[in-house]
Protein chains: 2
Amino acid sequence: MTETKMDPRILRTRKLIMDSFIELSSKKEFKDITIKDITTEAMINRATFYYHFEDIYDLLEKVLSEVLLVNLNCDFYKCDHLNEEAFVSIFIAITNFQKSLSNRCHRGYEDTIGRIIREQLEVIFYKMLLKQNKMEDDEALKITAVILSWGIYGASVEWKRNGMKVPPEEFIKSTIPYLISGTDFGSKI
Amino acid sequence: MTETKMDPRILRTRKLIMDSFIELSSKKEFKDITIKDITTEAMINRATFYYHFEDIYDLLEKVLSEVLLVNLNCDFYKCDHLNEEAFVSIFIAITNFQKSLSNRCHRGYEDTIGRIIREQLEVIFYKMLLKQNKMEDDEALKITAVILSWGIYGASVEWKRNGMKVPPEEFIKSTIPYLISGTDFGSKI
DNA sequence: TTGGATGTGTTGGATATCCAACACATTTCA
DNA sequence: TGAAATGTGTTGGATATCCAACACATCCAA
């Protein structure tokens, strides 16, 4: 998951930068945050910032990935199989993430955020599929993970478009049998 | 006061080490705290510890000095003259410090602690005397600062020996005229 | 007694971070 | 318009931190 033996200086500095960015995000809009602001808040040199991140968009991506990953693993570590509970807790994590971002001001980056969500979902789905499918066609599992990640992300977009009012578990629950048993579930054939 | 332009790495690392030591002190006795404990808690390398401190006693001294200095400056920054208010707030800072240490487990280091208190007092008294005595006999001011520091420290020891029950300002107030106006205060001559 | 386990303090080479300086773009404002 | 101010991204040399290894001391159980 996380790199095993990292230089503690790197962990420390990345955390300082990311935490400062999150802190600043709660006070300013993203477009008003400069790299100088971040490095001043973090008490690190501006050159050091560029040692770790390409630019401020790279930082944004990595912070969002990190936040989402923590959310996912938090709710999800108990499950070891893609059952109903797993799908529900994944979907709740995604909707929580979307909700928290709709307050923060990251408007104009919906496509970036969508990509990040799908990337993280793809990783987690692939991992779960590998675990429960004992070494079958690897390529098929990968593509299945892609399809699931787009699907679940799409569901969260739809949930958002409906005003984020329906409880997420309710929103997703009815469709889960189709996810788990496939489209044949309930088929007349 | 504090060095003006310090390398931020140094400030960061010292703070990490000191904070970790304070944190550990609230859980263990001083004698049970190893340097490995501190560096692990602080997530810094053991060699880095020795770059900043001679040994664990050196760290103890510097932490205590720092804590006391913060207390002193906190209560004291408003005063710019050695009047009654100044003496009272200094004495309160010292007794607070003694009280906080009597909970923590630094037994066996009373002499070290006493020395630290007197050193800090001496610095602060000397600074105040210089400010209000427009360039007179420098040596005399230094020695006066020494005498005041021993005196006030002694008062705090006595206050502690009496069970730390009398309110510190009450304990010190009656003697302040003698400190400010000298032994001639109230003299019959 | 001995030998392993644990803690202290030191060292040399590798690496991350700092700093000052630079070139370039964008904004501000006179 | 143009010039000052502000922000971005890069560089080279200096310095703090990391890491693995070492020598030494202390403690404790076989």
Side-chain angles (χ1 to χ4, degrees), chain A residues 2-64 66 105-109 112, chain B residues 2-64 66 105-109 112:
Chain A
T2 63
E3 323 313 327
T4 39
K5 273 296 178 189
M6 280 290 252
D7 190 319
R9 290 174 288 185
I10 292 185
L11 298 175
R12 209 161 41 224
T13 302
R14 292 214 176 131
K15 180 156 170 41
L16 282 172
I17 294 175
M18 289 184 161
D19 287 351
S20 301
F21 176 67
I22 291 172
E23 171 66 17
L24 286 173
S25 295
S26 66
K27 298 184 198 154
K28 290 186 184 187
E29 297 219 13
F30 174 71
K31 70 177 176 49
D32 293 331
I33 297 174
T34 74
I35 292 179
K36 189 74 181 38
D37 290 340
I38 297 169
T39 56
T40 303
E41 169 93 15
M43 286 219 298
I44 58 109
N45 193 279
R46 206 160 55 85
T48 306
F49 177 92
Y50 291 103
Y51 186 87
H52 292 279
F53 304 97
E54 291 245 340
D55 52 30
I56 202 168
Y57 303 100
D58 186 32
L59 171 62
L60 175 64
E61 290 205 22
K62 285 178 175 151
V63 165
L64 292 179
E66 179 71 22
C105 308
H106 292 302
R107 261 160 296 175
Y109 297 93
T112 303
Chain B
T2 63
E3 323 313 327
T4 39
K5 275 296 177 189
M6 281 289 255
D7 190 321
R9 289 174 289 185
I10 292 185
L11 298 175
R12 208 160 42 223
T13 302
R14 290 214 177 129
K15 180 155 172 43
L16 281 172
I17 294 175
M18 288 183 161
D19 287 351
S20 301
F21 176 66
I22 291 173
E23 171 66 19
L24 286 172
S25 295
S26 66
K27 298 186 197 152
K28 290 186 182 186
E29 298 221 12
F30 174 70
K31 67 176 178 48
D32 294 330
I33 297 174
T34 74
I35 291 178
K36 190 74 181 41
D37 291 339
I38 297 168
T39 56
T40 302
E41 170 91 14
M43 286 218 298
I44 57 109
N45 194 277
R46 206 161 54 84
T48 306
F49 177 92
Y50 291 103
Y51 185 88
H52 293 278
F53 304 97
E54 291 245 340
D55 51 30
I56 201 168
Y57 303 101
D58 185 33
L59 171 62
L60 174 64
E61 290 207 21
K62 286 179 174 151
V63 166
L64 293 179
E66 179 70 22
C105 307
H106 292 302
R107 261 160 296 178
Y109 297 92
T112 302

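Sequence lines set the chain letters: A, B, ... in the order given, protein chains first and strands last, and positions in each chain run from 1.
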*asked:* Are the side chains of S25(B) and I33(B) in contact, using a 4.5 Å heavy-atom criterion?
replied: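 Yes, close enough: below the 4.5 Å cut-off.
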_If the condition is side chain to side chain donor-acceptor pair (under 3.5 Å), which residues does E23(B) pass it with, not counting sequence neighbours?_
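In terms of side chain to side chain donor-acceptor pair (under 3.5 Å), with neighbours along the sequence ignored, E23(B) is linked to K27(B).
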Just to verify, what does [X] make a side-chain contact (heavy atoms from CB on, under 4.5 Å) with, not counting sequence neighbours?
X: L16(B); result: R12(A), A42(B), I44(B)
X: T40(B); result: K36(B)
X: D58(B); result: F53(B), E54(B), D55(B), K62(B)

*asked:* So which atom in M43(A) and which in P8(B) form the shortest heavy-atom distance, rounded to 0.1 Å?
replied: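 Reported closest heavy-atom pair: O-CB, 4.1 Å.
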Please report the distance, rounded to the nearest Å, between [atom1] in [X] and [atom2] in [N].
X: I56(B); N: dG7(C); atom1: CD1; atom2: P; result: 12 Å
X: I38(B); N: dG7(C); atom1: CD1; atom2: P; result: 12 Å
X: I17(B); N: dA16(D); atom1: CD1; atom2: P; result: 14 Å
X: D32(B); N: dT8(C); atom1: CG; atom2: P; result: 12 Å
X: I35(A); N: dA25(C); atom1: CD1; atom2: C1'; result: 14 Å
X: L11(B); N: dT17(C); atom1: CG; atom2: C1'; result: 14 Å
X: L16(A); N: dA16(C); atom1: CG; atom2: C1'; result: 13 Å

Would you tabulate the nitrogen or oxygen pairs shorter than 3.5 Å linking the protein to nucleotides 18-21 of chain C?
residue, atom, partner, partner atom, Å
dC18(C), OP1, R12(B), NH1, 3.1
dC18(C), OP1, R12(B), NH2, 2.9
dC18(C), OP2, N45(A), N, 2.8
dC18(C), OP2, T48(A), OG1, 2.6

*Nearest listed nucleotide, side chain of Y50(B), among dG9(D), dG9(C), dA16(C)*: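 Of all the options, the side chain of Y50(B) is nearest to dG9(C).
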*Check the pair L24(A), I38(A) against side-chain contact (heavy atoms from CB on, under 4.5 Å), reporting the backbone distance first and the verdict last.*
CA-CA 7 Å; L24(A) 286 173; I38(A) 297 169; 3.9 Å; yes
*If we fit an axis to the first five pairs and another to the last five of the helix from dT1(C)-dA30(D) to dA30(C)-dT1(D), what angle do they make, to the nearest 10°?*
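Answer rounded to 10°: the end axes differ by 30°.
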*Starting at the 5' end of DNA chain D, which residue's closest nucleotide do you reach first, I10(B) or D55(A)?*
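Residue closer to the 5' terminus by nearest nucleotide: D55(A).
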_Both D37(A) and R14(B) contact DNA chain D. Which one's nearest nucleotide lies toward the 5' end?_
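Closest to the 5' end, via its nearest nucleotide, is D37(A).
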*I10(B) CD1 to H52(B) NE2 distance, which is reported to the nearest 0.5 Å*: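 The CD1 atom of I10(B) sits 6.0 Å away from the NE2 atom of H52(B).
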*Is the shortest side-chain N/O distance from Y51(A) to OP1 or OP2 of dA16(C) below 4.0 Å?*
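Result: yes.
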_Phosphate OP1/OP2 of dT17(D): any H52(B) side-chain N/O under 4.0 Å_ =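 Affirmative; the distance criterion is met.
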_Set out, in order, the CA-CA distance, both residues' side-chain angles and the distance that settles side-chain contact (heavy atoms from CB on, under 4.5 Å) for R14(B) and E66(B), then state yes or no._
CA-CA 11 Å; R14(B) 290 214 177 129; E66(B) 179 70 22; over 6 Å; no
